[in-house]
Amino acid sequence: MCAGIERPRSDLFICEGTATAAVLDEGVVDGVEQLNAHFEALLAAGEQIEPRDWMPDGYRRMLVRQVSQHAHSEIIGMQPEGSWLTRAPSLHRKASLLAKVQDEAGHGLYLYSAAETLGVSRADLLDALHSGHQRYAATFNHPALTWADTGAIAWLTDGAAVVNQAPLCHTSYGPYARAMRRVCQEEAFHVRQGYDVLWSLCQGTPEQKEMAQDAVNRWWLPAVALMFGPPDTVAGGADDRTAAMGAAVSQRSMAWGIKRHTNDELRQRFVDNVVPQAERMGVTLPDPAIRWNEERGHYDFSPIDWQLFRGALGDGSQCARQRLAHRVAAHEDGAWVREAVDAYAAQLADGELESVELDDEGRRVS
Amino acid sequence: MTAEPTAEDTDLAEYVLRLGDDALVLCQRLCALVTRAPTIEEDLALANIALDLLGHARTLLAYSGTLDGTGRGEDELAYHRTERQFRSALLMELVPGDFAVTIARQLVYAHYSRLLWSALEKSSDATLAAFGARASREVEYHQMHADQWTVRLGRGTAESRRRMQAGLDLVWPYAAELFERDALVDRLDAAGTAVAPARLREEWEREVAAVLDEARLTLPKPAWQATGGRDGLHTEAFAPLFAEFRSVRLQYPGGTW
Amino acid sequence: MSERSARVLTPWEVFIRPRRGLAHQHVGSVHGADADMALANARDLYTRRGETVSVWVVRSDSVHAASPSEKDPFFSNAAHKPYRYPEHYIPLNEESGHDG
């Protein structure tokens, strides 16, 4: 293939089922085995899978689950920080926080779009979120109790997310990888602004520093445990059997190139990032086992065993119920608006333009 | 030592403070809606508008603090005044009801502010003129957003139409205050530094009437007009809004943020 | 109401011209009941950091696509035509392989 050729992009929205049908109808390849061989060959060559490619059902299902859970996490993740938008202690902080919460909405939308290329609709995904059939990161089931929590959330949970997400920029499914590249590009500022919030508090009055330390104490475990998923290696704290089970899931995902690293590998990378940052700022991470291990070239920390992991989940907590209720209320309160949009669009449908353009002033051209 | 401000600077400081407080209080109301919008797209749009308004408030408050000779910065003015010292129009602090009320308020304010910022581009005050040029472009989008939603809701379903009309009826009595004239505004207008908003009223009415016409909604004819915000006489909704706004800062006196 | 069939969920593809002189590039998709809404949503979602000269939205179902597979005959004529590319020819100057 010649370098620089501009090939038509195919990450377009595809209705359910047409992805496989299109290829089959053209008779380009026939038989599931041949299709699968083609799919595996693409992966082996490090090529990305695009929406119109044939893909095994398991791959599609795993992606739908992962991408939609990721999208839901962005949307629910708006809440803990969003509740502080009205109380930000300076106008500068208010602007940063608004921009950050807005980014999270945007990231949710990128990811829902990526999920839609797999043949699911956002309405279905939101229904699944609202009914509890699909999950979001349990990290966000923890309450944001003080202003310092906005800093700790951004520094620790976004810091963890960045570690998770950087490899996903090269994940095997094209639309997901492209969405993640946008997310990662934009998220660069999130972690920094969170660290900055805490840094200022640590430079402030003793009461402010106390607020910062308290928030770090509460957000450490949700970040280090929940943002990376359960332990999937013995070294990470799982017993042999659990590690094997966790590893089986991770390995399936890794074989398909969706995931690139084990949960525990990424967790270690996060701890290695964060410990020196905490020291420099002057806060203590609430894990007495943290110390530099010369031999391994990594920081040791308490293994996230299953007991610790489950404890951090906070399933069924008051806050978890509140998060979902907040989301459902917004959706239900908005039903009449969405109905109006629909009804108006139906009136317009005749003679509707197929495309329109904005000029650089933001005005409509056509 | 800063020199004692001139009479005109004192006037201008007060005028700029009014405009800055409008943007700040409306931003605060929009902040509370983020995560509660009818669609995720709309969460994004409202946050975008809130960010623009916050930018306006910061510029205007900081400028006011320079003009009045106190040297107060944006945060000093935003967080460390008392309720009675806020100069925002009552429209901004109205408790948000449903999405239609939000859109009705945006419609009123977006058209007003676009006209005002555009007019201020010709101010003899260089700072205000530069601000007007920047802000008028930003609120053009706010106006488009409000116009489109007004039409969609006005022409959508029977329910959306009823709600949109109710929203308009609710906010309309608060529109007149934006165009009030007083001695201060007249002095600045005569000097060419500021624009008396009363001069924008006709154009504003023409514009919003055209939108309501397209939306097949009725232009409200309010039986009363709200007033008092420019003198710091607010509604009872203001104190809770302000208490929330500065709650963190109040708990940590002498803090650095 | 059945939101599954709702027009508010109509998908649109978004194309952005990041700088003057560049072609519009596909950046992703948005939902919108009509073109105005799709444009407004595209603006909010994809141009928050102000790197855009212009935006197009095109209804996803108006895009006619073919399989991207390398084997797909639709694209086969793009391959094996090295003469379409400057690198195929003698460089204009000796220092580089490019005629810059």
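Throughout, protein chains are lettered first and strands after them, A, B, ... in sequence-line order, and every chain is numbered starting at 1. These numbers were taken from a predicted model, which means no experiment stands behind them.
- The parts of Ala50(B) that come within reach of chain A are both its backbone and its side chain, each placing non-hydrogen atoms under 4.5 angstrom from that chain.
- Separating the CD1 atom in Ile40(B) from the NE2 atom in His331(A) is a distance of 9.0 Å, to the nearest 0.5 Å.
- At a 4.5 Å heavy-atom cutoff, Leu30(B) makes no contact with chain A through either its backbone or its side chain.
- The environment of CD in Glu210(A) is sparse: at most 12 heavy-atom neighbours from other residues, nucleotides or ligands sit within 6.0 Å.
- Only the side chain of Arg93(A) comes within contact range of chain B, judged by heavy atoms closer than 4.5 Å.
- Using modelled atom types, one side-chain atom of Arg249(B) and one backbone atom of Pro89(A) make a donor-acceptor pair closer than 3.5 Å.
- Comparing Arg155(B), Met164(B), Arg58(B) by heavy-atom pairs within less than 4.5 Å of chain A, the highest count is held by Arg58(B).
- Ranked by heavy-atom pairs under 4.5 Å with chain B, the list Ala330(A), Ala340(A), Ala329(A) is led by Ala340(A).
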Tell me, with the steps shown, if Leu54(B) and Lys94(A) meet side-chain contact (heavy atoms from CB on, under 4.5 Å). CA-CA 8 Å; Leu54(B) 186 55; Lys94(A) 205 179 185 73; 3.8 Å; yes
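- Smallest separation of non-hydrogen atoms from Leu91(A) and Ala78(B): CD1-CB, 3.9 Å.
- Trp199(A) does not touch chain B: none of its heavy atoms, backbone or side chain, sits under 4.5 Å away.
- A donor-acceptor pair is defined here as one N or O able to donate and one able to accept, closer than 3.5 Å; such a pair exists between the side chain of Gln28(B) and the backbone of Thr86(A).
- At a 4.5 Å heavy-atom cutoff, the contact between Ile75(A) and chain B is made by side-chain atoms alone.
- Highest contact tally toward chain B, considering only Gln203(A), Glu207(A), Glu104(A), Glu332(A), is held by Glu207(A) [criterion: heavy-atom pairs under 4.5 Å].
- Contact of the His92(A) side chain with the Trp257(B) side chain is not registered, since no non-hydrogen atoms from C-beta on lie closer than 4.5 Å.
- Residue Ala37(B) touches chain A through its backbone alone, counting heavy-atom pairs closer than 4.5 Å.
- Each of Phe99(B), Tyr252(B), Tyr141(B) has some count of heavy-atom pairs under 4.5 Å with chain A, and the biggest count is that of Tyr252(B).
- Crowding of Arg321(A) atom CZ: a count of heavy atoms from other residues, nucleotides or ligands under 6.0 Å not exceeding 12.
- For the set Gly254(B), Pro253(B), Cys31(B), the count of heavy-atom pairs under 4.5 angstrom toward chain A peaks at Cys31(B).
- The residue among Val197(A), Leu98(A), Thr205(A) with the most heavy atom pairs within less than 4.5 Å of chain B is Leu98(A).
- Counting only distance, with no hydrogens or angles, the side chain of Asp43(B) and the backbone of Ala105(A) share no donor-acceptor pair below 3.5 Å.
- Neither the backbone nor the side chain of Arg246(B) comes within less than 4.5 Å of any heavy atom of chain A.
- Side-chain N or O atoms of Tyr344(A) include none that pairs as donor or acceptor with a backbone N or O of Val151(B) at under 3.5 Å.
- In terms of heavy-atom pairs under 4.5 Å with chain B, the best-connected choice from His326(A), Met78(A), Gln79(A) is His326(A).
- Ion pairing between Glu339(A) and Arg163(B) fails under the 4.0 Å rule for side-chain N and carboxylate O.
- For a residue to count as touching a neighbouring chain, one of its non-hydrogen atoms must lie under 4.5 Å from one of that chain's; by this rule Ser247(B) touches chain A with the side chain only.
- Put simply, the side chain of Glu159(B) never gets that close to the backbone of Trp336(A): no donor and acceptor are under 3.5 Å apart.
- Both the backbone and the side chain of Leu44(B) come within less than 4.5 Å of a heavy atom in chain A.
- Of the two parts of Ala99(A), the backbone and the side chain both hold a non-hydrogen atom closer than 4.5 Å to a non-hydrogen atom of chain B.
- Put simply, the side chain of Thr256(B) gets close to the backbone of Ser200(A): a donor and an acceptor are under 3.5 Å apart.
- Heavy-atom distances place both the backbone and the side chain of Glu41(B) under 4.5 Å from chain A.
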